[in-house]
Protein chains: 2
Amino acid sequence: MHIAYMLCASKVASPRSRRDRARTRETSGTNRPLAPSVGRKRVSGAPVTDERAFLASYDPAAFDRPSVTVDVALLSAFDGSLHTVLVRRREPPFAGRYALPGGFVKMEESLPTAALRVLTQKTGLRRVFLEQLYTFGEPNRDPRTRVVSVAHYALVEPARLQKAAKDNPDTVVASVELTPASDSVERAAVRDSEGTPLSLAFDHAEILATAVRRIRGKLDYTPIGFQLLPDRFTLLDLQRVHETVLGRPLNKDSFRRRMLASGEIEPTGESQTGVDHRPAELFRFVRRSAV
Amino acid sequence: MHIAYMLCASKVASPRSRRDRARTRETSGTNRPLAPSVGRKRVSGAPVTDERAFLASYDPAAFDRPSVTVDVALLSAFDGSLHTVLVRRREPPFAGRYALPGGFVKMEESLPTAALRVLTQKTGLRRVFLEQLYTFGEPNRDPRTRVVSVAHYALVEPARLQKAAKDNPDTVVASVELTPASDSVERAAVRDSEGTPLSLAFDHAEILATAVRRIRGKLDYTPIGFQLLPDRFTLLDLQRVHETVLGRPLNKDSFRRRMLASGEIEPTGESQTGVDHRPAELFRFVRRSAV
DNA sequence: TTGACATAGATGCACATCGCATATATGCTC
DNA sequence: GAGCATATATGCGATGTGCATCTATGTCAA
């Protein structure tokens, strides 16, 4: 993540719009929210005589609260590329385009719980590694209303990702590639299984790019790879995962030495079968339980 | 950050409470918010005849939106410790305890803009390095209502931090130390300038701990240190900053070699004055402008 | 004026790691 | 059983780090 800000408070100014009429709650004194008096006051203080007039004058922003959603970048590594699951949108905005699995945060559920629930609803996946990624909250990232989305990333092995997309309607598997875009604003480019570029909704290309950069960074100091592999795997399997995530080839020998020395993996004693060459030993991650 | 989740969706269940009666918006079909129809429907669909009855039955959660706030962990390194600025709370909850500068996100401002605005309001600081840290959204982290806080961290040089706290009422400078707490839940312990432990409000000890871990991690691969130093500094100054952030001593020679080889700093040609030993050369960060 | 002192800054060396090359091992296919 | 493809082990030079040593240079005290 290379997002840093060093601005003056005067930059708060924003273009006039319908929302500018919204009441804003001052935060002097306490810096914490009270019960949402704004919504209440508006309703009780101004009795509604004409429902149509009320609806016309109704301003969602009067409640002074962004919507809070979660989006999940589900990633897996195979065929030399990172892949994700996208949901085809049936309704505007961005109808026909593809979005990350996402949805509202319920009032009583935590953020990771919401992310896992949403992921289960869209993909059927139940036990997946998931971490918070970054929160996207630009005022106009959703054309309808202010939406703050707490993005997460999740990792699964390839078979589970592909099954999830096949079993669920409106979902597709897409390859993800970071495009070294102009003026340093890296985006993610996604393609379906036939190589056709897909068009992403909202700022989801940015979210995906952030997810890819995050797991690249984590790979260096965290044994993240085992979330992307089945229980048993060869060292070459693991290396291919690392190479796919990092997007560059790695030296085989030093990769092997480093992994064996790391203490993160242990030999199972078993070997590959059914390969037309010397079978490699199968390894397993030591701390698979300690997710 | 070592927060990962691998749960079943069935874990969503939560204790019964007043909020459980709140309507929850289903997200089937589209995974994006529409205009907040819940708030509207509640008012228009169930005409209110008795205002007192309405208020009694009024449920803030019916609007189905958490409040969104920003909190800022402002950090600086001096006297061998990391320090931050805290605001003394005058009102409940947590009256008398200390909190990070924080406040609501306005409907038209971005998250970093909100964080910078809040920081300016509480400390008077205007141009500071600031990045998003992590979003804290446990359902009961605020005893009054659901509050999702997008925490940020900010870095300044020591003089600016101390001036900010001196110039603003209800603010104090506090040292921050990570306590290797039991069962791996690391917390931050804060003390005032006299060494007296301060009690933090909400989950702000966790936020501070997350901020410290974040800059420790970033220090290894990012020239973050220059945000914590004045324009010109000696290599020993820089090393002391690194040691304070990391919480451990560093080898002087290899630190020197590594910094000079990194290309991040350049000599100014000037030297220290007024020290009772051989004066060291003053350096400057190459990319200071590229915040 | 001069020498003690404290830190700056440079150099040399042992050690670990990495990239690269080479050599050997082993199961499969024909 | 030969050939093949990959696994696995070993050796070597380049590089970075920790540690020790040596020299440089300003201030301070006599």
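Throughout, protein chains are lettered first and strands after them, A, B, ... in sequence-line order, and every chain is numbered starting at 1. The figures here come from the full heavy-atom set of this structure, side chains too, leaving out hydrogens, waters and symmetry mates. Since we're looking at a predicted model, the values are computed, not measured.
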message: Both Glu281(B) and Pro279(A) contact DNA chain C. Which one's nearest nucleotide lies toward the 5' end?
response: Glu281(B)
d(CG, Asp276(B); C1', dT25(D)) in whole Å: 13 Å
- prompt: Is there side-chain contact between Val128(A) and Thr120(A), with at least one heavy-atom pair below 4.5 Å?
  reply: no
field: Distance (rounded to the nearest 0.5 Å) between Asp203(A) CG and Asp71(A) CG
entry: 8.0 Å
- request: Give the rounded distance in Å between these two atoms: CG of Leu250(B) and C1' of dC19(D).
  value: 15 Å
message: Distance check needed: dA8(C) C1' versus Phe233(B) CZ, whole Å only.
response: 16 Å
Contact check, side chains of Leu229(B) and Glu157(B), non-hydrogen atoms, under 4.5 Å: no
field: Quiz item: Arg257(B) side-chain donor-acceptor pair to dG9(C) base, under 3.5 Å
entry: no
- prompt: Which part of the nucleic acid, if any, lies within contact of Leu235(B), taking any heavy atom under 4.0 Å across all strands shown: a base, the sugar-phosphate backbone alone, or nothing?
  reply: nothing
task: Quickly work out the Leu260(A) CG to dC18(C) P distance and round it to whole Å.
output: 12 Å
- prompt: To the nearest angstrom, how far is Lys252(A) atom NZ from dT10(D) atom P?
  reply: 16 Å
statement: In whole angstroms, the gap separating C1' of dC30(C) from NE2 of His277(A) amounts to 18 Å
- prompt: Parallel, tilted or perpendicular: which fits the ring planes of Phe202(B) and His204(B), with parallel below 30° and perpendicular above 60°?
  reply: tilted
Among dT17(D), dC18(C), dA7(D), the one nearest Arg258(A) by side-chain distance: dC18(C)
statement: In whole angstroms, the gap separating C1' of dT23(D) from CG of Asp253(B) amounts to 14 Å
task: Kindly assign one of parallel, tilted or perpendicular to the pair Phe285(B) and Phe233(B), based on the angle between their ring planes and the thresholds 30° and 60°.
output: tilted
Nearest listed nucleotide, side chain of Asn251(A), among dG9(C), dG27(C), dC20(C): dC20(C)
- request: Could you work out which one of dA7(D), dA10(C), dT17(D) sits closest to the side chain of Arg256(B)?
  value: dA10(C)
task: Determine the contact category for Gln272(B): base if any of its heavy atoms lies under 4.0 Å from a base atom, sugar-phosphate if only primed atoms, P, OP1 or OP2 are that close, otherwise nothing.
output: nothing
message: On the side chain of Arg278(A), is there an atom forming a donor-acceptor pair with the base of dA25(C) - under 3.5 Å, no angle test?
response: yes
task: Would you kindly give the CZ-to-P distance between Phe255(B) and dG16(D), to the nearest whole Å?
output: 17 Å
